[in-house]
Amino acid sequence: MKSISIETKNEIMKRLEEVYIGSKPSLLFENPFELLIATILSAQCTDVRVNKVTRVLFPKYPTPSDLAQAEFSDVAEIIKSCGCYQVKAKNIIATAKLLVSDYGGEVPPEMDELVKLPGVGRKTANVVLSNAFGIPGFAVDTHIMRVSYRIGLSENKGDPLKIEKDLCALFPKDRWGEAHHWLIYHGRQVCSAKKPACESCFLHDICRFIKDDEA
């Protein structure tokens with residue numbers, strides 16, 4: 001697909017903000033620990049499903065210390081519907097243990113420390129930093145990878161780190177967290193993977209994905 005001008009990128013960003021302004025995380029959490037665990041569980045799983053699971057998990061294991069002492073079989077049973085539940089159960093228990101042993105039971109507010117935790121990659125770390133601590137970060141998930149390439153905000157199709165750098169360069173640092181949500185909601189509500197609603201999309205007249213398809 002053809003590259004688009006900076007003017008078109010600016011117009012895309014303006015429209016995204018107008019439509020999705022005020023968007024919030026769809027994962028439910030009360031503190032950094034809950035957001036960290038919920039985000040680990042959200043890999044290859046819907047936020048709606050994760051929220052149903054954490055309504056059971058968090059009251060039973062409300063702190064890192066509680067989860068660190070949990071029986072694997074019990075945690076695995078609770079999160080079973082999230083998919084990859086055995087790996088996720090292992091990771092969240094191991095993460096809780098590290099939080100207790102290495103971080104005084106607190107979630108560290110630093111990227112370098114967060115990515116040391118089992119099940120935590122750069123995307124998860126950015127979600128936690130941005131939404132739990134207010135530290136600028138641009139988490140890149142599958143929705144953002146797809147949408148940012150399709151509409152022309154990034155020329156990188158499959159490298160999350162390169163896409164993150166492209167998007168960070170376009171949006172003001174203090175808007176990274178918000179812009180992350182704009183792109184996610186657009187990917188979920190309009191620009192879906194298999195059947196994007198191009199005809200009703202508010203970017204129809206400037207989206208390069210549509211223009212290429214019509215050419």
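We count residues from 1, following the sequence as given.
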(message) Are Tyr185 and Trp176 connected into the same hydrophobic cluster when the rule is that any two of I, L, V, M, F, W, Y join if their side-chain heavy atoms are below 4.5 Å apart?
(response) yes
(request) Over all heavy atoms of both residues, which pair between Ala94 and Pro118 is shortest? Give the atoms and the distance, please. (result) CB-CG, 3.7 Å
(message) Quick test of your reading: applying side-chain hydrogen bond (donor to acceptor under 3.5 Å, both in side chains), list the pairs with at least one residue in residues 88-101, sequence neighbours left out, ordered by first then second residue.
(response) none
(message) Check for me whether Arg150 meets the cation-pi criterion with Phe209, that is, NZ or CZ under 6.0 Å from the six-membered ring centre and within 45 degrees of the ring axis.
(response) yes
(message) Using a strict threshold of under 4.0 Å (side-chain N to carboxylate O), is an ion pair present between Arg175 and Glu17?
(response) yes
(message) What I want to check is whether the side chains of His186 and Tyr20 have a donor and an acceptor closer together than 3.5 Å.
(response) yes
(message) I'd like to check Ile21 versus Glu178 (side-chain heavy atoms, cut-off strictly below 4.5 Å). Are they in contact?
(response) yes
(request) Hey, can you tell me if Phe138 and His180 have their rings parallel, tilted or perpendicular (30° and 60° cut-offs)? (result) perpendicular
(request) Provide the closest heavy-atom pair for Ile78 versus Tyr61 in the form atom of the first, atom of the second, distance. (result) CD1-CE1, 4.1 Å
(request) Measure up the Phe33 and Phe58 rings against each other and bin them: parallel (under 30°), tilted (30 to 60°), perpendicular (over 60°). (result) tilted
(request) Verify the cluster assignment for Ile206 and Phe171: are they in a single hydrophobic cluster under the rule of side-chain heavy atoms below 4.5 Å apart? (result) yes
(message) Is there a path of hydrophobic side-chain contacts, each under 4.5 Å between heavy atoms of I/L/V/M/F/W/Y residues, joining Leu35 to Val56?
(response) yes
(request) Inspect the surroundings of CD in Glu106 and state if more than 12 heavy atoms from other residues, nucleotides or ligands are less than 6.0 Å away. (result) no
(message) Restricting to non-hydrogen atoms, name the atom on Ala125 and the atom on Val115 that form the minimum distance, rounded to 0.1 Å.
(response) CB-CG1, 4.1 Å
(request) Kindly compute the distance separating OG (Ser130) from CD1 (Ile135), expressed to the nearest 0.5 Å. (result) 9.5 Å
(request) Let me see the working for Arg15 and Asp205 under salt bridge (Lys or Arg N to Asp or Glu O under 4.0 Å), right down to the final yes or no. (result) CA-CA 12 Å; Arg15 294 188 193 183; Asp205 59 317; 2.6 Å; yes
(message) With heavy-atom distances below 4.5 Å as the criterion, would you say the side chains of Val19 and Phe202 are in contact?
(response) yes
(message) Working to the nearest 0.5 angstrom, can you tell me the gap between Asp47 CG and Leu27 CG?
(response) 4.0 Å
(message) If I compare all heavy atoms of Asn51 with all of Leu28, which pair ends up nearest, and what's the gap?
(response) OD1-N, 2.9 Å
(request) Before giving the answer on side-chain contact (heavy atoms from CB on, under 4.5 Å), spell out for Val120 and Val128 the whole-Å C-alpha distance, their side-chain angles and the decisive distance to 0.1 Å. (result) CA-CA 10 Å; Val120 177; Val128 173; over 6 Å; no
(request) Using the side chain to side chain donor-acceptor pair (under 3.5 Å) rule, take Ser73 and Glu77 through it: C-alpha gap first, then chi angles, then the decisive distance, then the call. (result) CA-CA 6 Å; Ser73 58; Glu77 183 62 30; over 6 Å; no
(request) Mind running side chain to side chain donor-acceptor pair (under 3.5 Å) on Thr39 and Ser42 for me, showing each step along the way? (result) CA-CA 5 Å; Thr39 308; Ser42 71; 5.2 Å; no
(message) Distance check, rounded to the nearest 0.5 Å: Asp159 atom CG versus Leu161 atom CG?
(response) 6.0 Å
(request) Indicate yes or no: at least one non-hydrogen side-chain atom of Lys157 is less than 4.5 angstrom from one of Ile163. (result) no
(request) For side chain to side chain donor-acceptor pair (under 3.5 Å), just list the numbers for Glu113 and Tyr103, CA-CA rounded to whole Å, side-chain angles, deciding distance to a tenth of an Å, and then say yes or no. (result) CA-CA 9 Å; Glu113 299 302 319; Tyr103 302 100; 2.7 Å; yes
(message) If you apply the rule side-chain contact (heavy atoms from CB on, under 4.5 Å), what do you find for Met111 with Leu129, and how did you get there?
(response) CA-CA 8 Å; Met111 171 67 73; Leu129 291 173; 4.1 Å; yes
(request) Check Val53, Val48, Thr54, Thr46 against Val50 for a side chain to side chain contact (heavy atoms under 4.5 Å, CB included) and give me the one that passes. (result) Thr54
(request) Check each of Lys123, Met145, Arg122 against Val140 using the side chain to side chain contact (heavy atoms under 4.5 Å, CB included) test, and report the only one that passes. (result) Met145
(request) Check whether any side-chain N or O of Asn31 sits under 3.5 Å from a backbone N or O of Glu34 as a donor-acceptor pair, and report yes or no. (result) yes
(message) So Thr63 and Val100, do their side chains get closer than 4.5 Å, heavy atoms only?
(response) no
(message) Can you confirm whether Leu36 sits close enough to Leu117 that some side-chain heavy atom of one is under 4.5 Å from a side-chain heavy atom of the other?
(response) yes
(message) Can you give me the closest heavy-atom contact between Pro64 and Gly105, atom names plus distance?
(response) CG-O, 3.4 Å
(request) Begin from the C-alpha positions of Ser26 and Arg188 and carry the test side chain to side chain donor-acceptor pair (under 3.5 Å) through to its verdict. (result) CA-CA 12 Å; Ser26 50; Arg188 289 173 177 169; 3.0 Å; yes
(request) Over all heavy atoms of both residues, which pair between Asn131 and Pro25 is shortest? Give the atoms and the distance, please. (result) OD1-CG, 3.1 Å
(request) Examine Phe72 and Val87 and state if one hydrophobic cluster contains both, with Ile, Leu, Val, Met, Phe, Trp and Tyr joined whenever side-chain heavy atoms are less than 4.5 Å apart. (result) no
(request) Take Lys52 and Ser81 through the side-chain contact (heavy atoms from CB on, under 4.5 Å) test and state the conclusion after the steps. (result) CA-CA 9 Å; Lys52 290 180 179 179; Ser81 62; over 6 Å; no
(message) Can you tell whether the side chains of Asp74 and Lys60 come within less than 4.0 Å, N to carboxylate O?
(response) yes
(message) For Asp166, is there an ion pair with Lys9 - N to carboxylate O distance below 4.0 angstrom?
(response) no
(message) Can you tell me how far apart CD1 (Ile79) and CD1 (Ile92) are? Round to the nearest 0.5 Å.
(response) 4.5 Å
(request) To the nearest 0.5 Å, tell me how far Gln44 CD sits from Cys82 SG. (result) 11.5 Å
(message) To the nearest 0.5 Å, what is the distance between NE2 on His204 and SG on Cys198?
(response) 7.0 Å
(request) Taking the side chain as every heavy atom from C-beta outward, state whether Leu99 and Pro108 have any atom pair closer than 4.5 Å. (result) yes
(message) Any side-chain to backbone donor/acceptor pair from Trp182 onto Ser23? Under 3.5 Å, distance only.
(response) no
(message) Determine whether a donor-acceptor pair (N or O, by modelled atom type, separation under 3.5 Å) exists between the side chain of Glu11 and the backbone of Glu7.
(response) no
(request) Check the surroundings of atom CD in Glu18: do more than 12 heavy atoms from other residues, nucleotides or ligands lie under 6.0 Å from it? (result) yes
(request) Indicate yes or no: at least one non-hydrogen side-chain atom of Leu183 is less than 4.5 angstrom from one of His143. (result) no
(message) Closer than 3.5 angstrom, by distance alone: can the side chain of Tyr149 be matched with the main-chain N or O of Ile144 as a donor-acceptor pair?
(response) no
(message) Less than 4.5 Å apart, side chain to side chain, heavy atoms only: is that true for Asn126 and Leu114?
(response) no
(message) Let's go through Arg208 and Glu155 carefully: what are the C-alpha distance in whole Å and the side-chain angles of both, what is the deciding distance for salt bridge (Lys or Arg N to Asp or Glu O under 4.0 Å) to 0.1 Å, and is it a yes or a no?
(response) CA-CA 12 Å; Arg208 69 173 182 175; Glu155 295 305 311; 2.9 Å; yes
